[in-house]
Amino acid sequence: LLFMTAVAVLSMLAACANAKTDNANDEAESEAVEEVADAQSGATHYSGKVRDLTMKKYNHYIFNTETNDGKFLGTHPIVIDFYATWCGPCKQLSPKLEALAKDFKGKIDFFRVDVDEETKLAQMFNIEAMPTLVYFDGNGNITGTSVGLLTTDELQANINKYCLKK
């Protein structure tokens, strides 16, 4: 009985590991398809969405910290949301940012960073509280930050002030 239980547990663990690998492969394939479609349309593949940002993606889409050349790689102003999955105000802010990403599609790129998963990015930006939003202008300059839950009107005002310079 003990042997059969151990075999069952190991089988479940193996199935979970395979599912995680399959999900990672599916995500990579999905992003590759999006990039091809966006290359054909001329849009960025993250336009109109709040995209998860990892250090690898930061190096690819915003600034390459490995080359340290200081060249901004973005094509639009950027808003980065530093959040935690356990943070109540972060959960309330998320749908507002999703809606704004659609409203500003093609004008501003929105990213989110899970501070528990991407500690190096959180440290780079000296994130101490969540949610924290970091705003970049179209030249890649950090033009502002905000901490805490904001209303949609406050978010739009910050985007106009810090990203669009209105």
Side-chain angles (χ1 to χ4, degrees), residues 23-24 26-66 70-166:
N23 288 341
D26 290 346
E27 185 177 315
E29 287 176 20
S30 174
E31 282 195 19
V33 168
E34 285 179 14
E35 285 188 32
V36 168
D38 291 328
Q40 291 169 346
S41 72
T44 56
H45 81 281
Y46 39 81
S47 189
K49 304 175 192 176
V50 179
R51 300 296 306 240
D52 292 325
L53 188 63
T54 62
M55 184 54 110
K56 181 178 179 182
K57 289 179 183 178
Y58 181 86
N59 285 333
H60 183 75
Y61 295 117
I62 301 175
F63 286 102
N64 189 331
T65 60
E66 294 168 2
K71 181 181 174 199
F72 178 58
L73 303 172
T75 56
H76 300 103
I78 293 173
V79 176
I80 301 177
D81 171 26
F82 288 89
Y83 75 101
T85 57
W86 46 264
C87 168
C90 299
K91 292 177 184 178
Q92 292 175 295
L93 184 63
S94 183
K96 295 175 186 179
L97 292 175
E98 292 287 348
L100 288 169
K102 289 178 185 172
D103 292 346
F104 286 100
K105 181 178 182 176
K107 297 178 185 170
I108 298 175
D109 294 325
F110 289 78
F111 294 96
R112 64 179 161 232
V113 176
D114 182 340
V115 297
D116 293 324
E117 295 291 324
E118 295 295 328
T119 56
K120 187 172 181 181
L121 271 174
Q123 289 170 352
M124 278 176 44
F125 287 91
N126 298 315
I127 303 302
E128 296 180 357
M130 283 79 61
T132 295
L133 299 177
V134 178
Y135 306 91
F136 293 78
D137 67 14
N139 296 317
N141 300 308
I142 296 174
T143 52
T145 60
S146 60
V147 179
L149 181 61
L150 301 175
T151 66
T152 300
D153 288 342
E154 291 169 323
L155 288 167
Q156 287 177 326
N158 284 349
I159 288 168
N160 286 329
K161 178 180 179 181
Y162 297 126
C163 296
L164 301 176
K165 308 271 181 144
K166 288 184 179 180

Closest heavy-atom contact between [X] and [Y]?
X: Lys107; Y: His76; result: O-CB, 3.4 Å
X: Val115; Y: Ala84; result: CG2-CB, 4.1 Å
X: Pro89; Y: Leu149; result: O-CD1, 3.6 Å
X: Met130; Y: Cys90; result: CB-SG, 3.6 Å

Side chains of [X] and [Y], heavy atoms from C-beta outward: is any pair under 4.5 Å?
X: Thr132; Y: Phe125; answer: no
X: Asn160; Y: Tyr162; answer: no
X: Leu100; Y: Phe110; answer: yes
X: Leu155; Y: Leu133; answer: yes
X: Phe63; Y: Phe136; answer: yes
X: Ile62; Y: Phe72; answer: yes
X: Arg51; Y: Tyr61; answer: no
X: Phe111; Y: Asp109; answer: yes

Query - Test side-chain contact (heavy atoms from CB on, under 4.5 Å) applied to Asp52 and Glu117, step by step - result: CA-CA 11 Å; Asp52 292 325; Glu117 295 291 324; over 6 Å; no
Roughly how far, to the nearest 0.5 Å, is the [atom2] atom of [Y] from the [atom1] atom of [X]?
X: Thr151; Y: Leu93; atom1: OG1; atom2: CG; result: 10.5 Å
X: Tyr58; Y: Ile80; atom1: OH; atom2: CD1; result: 6.0 Å
X: Asp114; Y: Thr54; atom1: CG; atom2: OG1; result: 11.5 Å
X: Thr119; Y: Ile127; atom1: OG1; atom2: CD1; result: 12.5 Å
X: Glu128; Y: Phe82; atom1: CD; atom2: CZ; result: 12.5 Å
X: Ile159; Y: Leu97; atom1: CD1; atom2: CG; result: 7.5 Å

Query - Derivation and outcome, side-chain contact (heavy atoms from CB on, under 4.5 Å), residues Asn158 and Val79 - result: CA-CA 10 Å; Asn158 284 349; Val79 176; over 6 Å; no
Requested in this report: Just do the salt bridge (charged side-chain N to carboxylate O under 4.0 Å, His left out) check on Arg112 and Glu98 with the steps written out, would you?
Outcome: CA-CA 10 Å; Arg112 64 179 161 232; Glu98 292 287 348; 2.8 Å; yes
Requested in this report: Assess the side chains of Ser146 and Tyr135: does a donor N or O sit below 3.5 Å from an acceptor N or O?
Outcome: yes
Requested in this report: Measure from the side-chain N and O atoms of Asp137 to the backbone N and O of Asn139, and report whether any donor-acceptor pair falls under 3.5 Å.
Outcome: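 Checked: pair present.
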Query raised in the report: With distance as the sole test, does Ser94 use its side chain to make a donor-acceptor pair with the main-chain N or O of Lys91 at under 3.5 Å?
Result: no
Report task. Carefully, step by step, assess Leu150 and Lys96 under the rule side-chain contact (heavy atoms from CB on, under 4.5 Å). Result -> CA-CA 9 Å; Leu150 301 175; Lys96 295 175 186 179; over 6 Å; no
